[in-house]
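Single-structure report; data block below.
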Amino acid sequence: MTTVTWTSDEIMTVTAARSLRDRMSCFVGIGLPSTAANVARRTHAPGLWMIYESGTLGTVPGHLPLSIGDGILADTADTVVSVPEVFNYWLQAGRIDVGFLGAAQIDRYANINTTVIGDYADPEVRLPGAGGAPEIAASCREVTVIMRHSRRAFVDRVDFVTSVGHGSGPGDRERLGLRGAGPMRVITDLGVLEPDPLTRELVLTGVHPGVEPDAVREATGWDLAVAGDLAVTPEPTDAELSVVRSLTGGS
């Protein structure tokens, strides 16, 4: 029997990091997206150009930033510009290759909620809010979402649309005038979901080692379709795990 030497969070982070290519420009969200982007830069993508919404361009932090206002981002950036310039010149003009986002809820069309759980006027939980995520989801050439997989998070319909994914199906992004392609992959601690080319509904296209498709379907709040050629994620290498653990304090 093979002994698993990594956690579900670690393989999720490594899988997300692998989705980034060297010399891409990446608009990075705080939390899991920041961890994955920094792993990519320290492993196979040393030329990854990371941008945070506080205005830091080409930052190479020595540790994971605690927030977009963490001084390490400005201290290690190629340059620091104003927030309006980041959004007006870099993001809204379509100059960023990929946006890396997290979410509290996501639905079958990859619409993202980071605003409230429950009714907006009387919510069960008030979440951190939108920040720059709506613009990132709208204008980056493509978007990757990284989040833990559960029925509470993967819902048939989000309680509030903070950031538009694929709306209610084909043609919605174009109708709304959104520049980018939207979420092209959702990477979780169980596997990988991608939008169907025709319906734009998320489909399970890959699972992590030891994860059965039925387990992913059980953790999803809609009738999740499974690709016929379902892939299995390659296990993390020792080098990848070493970088993840150095950043997160794991062992």
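As the structure is a computational prediction, the values presented were derived from the model and not from experiment. The basis for the numbers below is simple: all heavy atoms, side chains too, and nothing from hydrogens, waters or symmetry mates.
Arg95 places no side-chain N or O within 3.5 Å of a backbone atom of Cys140 that could act as its donor or acceptor partner. The backbone N or O of Gly165 lies less than 3.5 Å from a partner atom in the side chain of Arg173, making a donor-acceptor pair. No side-chain donor-acceptor contact under 3.5 Å links His208 to the backbone of Glu235. With hydrogens and angles disregarded, no donor-acceptor distance shorter than 3.5 Å links the side chain of Gln105 to the backbone of Asn113. Listed for the Ser242 side chain is no donor-acceptor partner under 3.5 Å among the backbone atoms of Asp238. Counting only distance, with no hydrogens or angles, the side chain of Arg179 and the backbone of Arg141 share no donor-acceptor pair below 3.5 Å.
Contact between Leu241 and Trp6 at its shortest, heavy atoms only, is CD2-CB, 3.7 Å. The shortest non-hydrogen separation linking Phe154 to Leu193 is CE2-CD2, 4.4 Å. When all heavy atoms are compared, the tightest approach of Pro134 to Ser163 is N-OG, 3.3 Å. When every heavy atom of Gly118 is checked against every heavy atom of Asp159, the shortest pair comes out as N-OD2, 2.8 Å. The minimum heavy-atom distance linking Leu202 with Leu224 is given by the pair O-CD1, 3.6 Å. Annotation for Ile106 and Ala110: closest pair CG1-CA, 3.6 Å, computed over non-hydrogen atoms.
When side chains are defined from C-beta on, Ser34 counts as touching Pro65, because their heavy atoms get closer than 4.5 Å. The side-chain heavy atoms of Leu101 and Thr144, taken from C-beta on, include no pair separated by under 4.5 Å.
Here Met184 contributes atom CE and Ser19 contributes atom OG; the two are 12.0 Å apart, rounded to the nearest 0.5 Å. Expressed to the nearest 0.5 Å, how far CG of Leu73 lies from CD1 of Ile51 amounts to 12.0 Å. Atom CZ of Phe100 is separated from atom CE of Met50 by 11.0 Å, given to the nearest 0.5 angstrom. We find the OG-CG distance between Ser25 and Asp97 to be 3.5 Å, quoted to the nearest 0.5 Å. To the nearest 0.5 Å, the span separating OG1 on Thr220 from CG on Leu204 amounts to 7.5 Å.
With hydrophobic clusters built from ILVMFWY side chains whose heavy atoms lie under 4.5 angstrom apart, Leu66 does not share a cluster with Leu247. In the hydrophobic cluster analysis, where Ile, Leu, Val, Met, Phe, Trp and Tyr join through side-chain heavy atoms closer than 4.5 angstrom, Leu127 is grouped apart from Phe160.
Under the salt bridge (Lys or Arg N to Asp or Glu O under 4.0 Å) criterion, the residue pairs touching residues 195-223 are Arg108-Glu201, Arg217-Asp223, with sequence neighbours excluded.
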Walk me through whether Asp107 and Arg157 qualify under salt bridge (Lys or Arg N to Asp or Glu O under 4.0 Å).
CA-CA 5 Å; Asp107 65 24; Arg157 183 175 181 178; over 6 Å; no
Pair Ile96, Cys26 - check side-chain contact (heavy atoms from CB on, under 4.5 Å), show working.
CA-CA 6 Å; Ile96 308 300; Cys26 179; 5.8 Å; no
Candidate pair Ser139 and Gln92, rule side-chain hydrogen bond (donor to acceptor under 3.5 Å, both in side chains), full reasoning:
CA-CA 5 Å; Ser139 300; Gln92 292 171 349; over 6 Å; no
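Applying the 6.0 Å contact sphere to CZ of Arg151 captures more than 12 heavy atoms from other residues, nucleotides or ligands.
Partners of Val80 by side chain to side chain contact (heavy atoms under 4.5 Å, CB included), not counting sequence neighbours, listed by chain and number: Thr56, Ala74, Ala77. Under the side chain to side chain contact (heavy atoms under 4.5 Å, CB included) criterion, Arg148 pairs with Asp9, Met12, Leu32, Asp189, not counting sequence neighbours.
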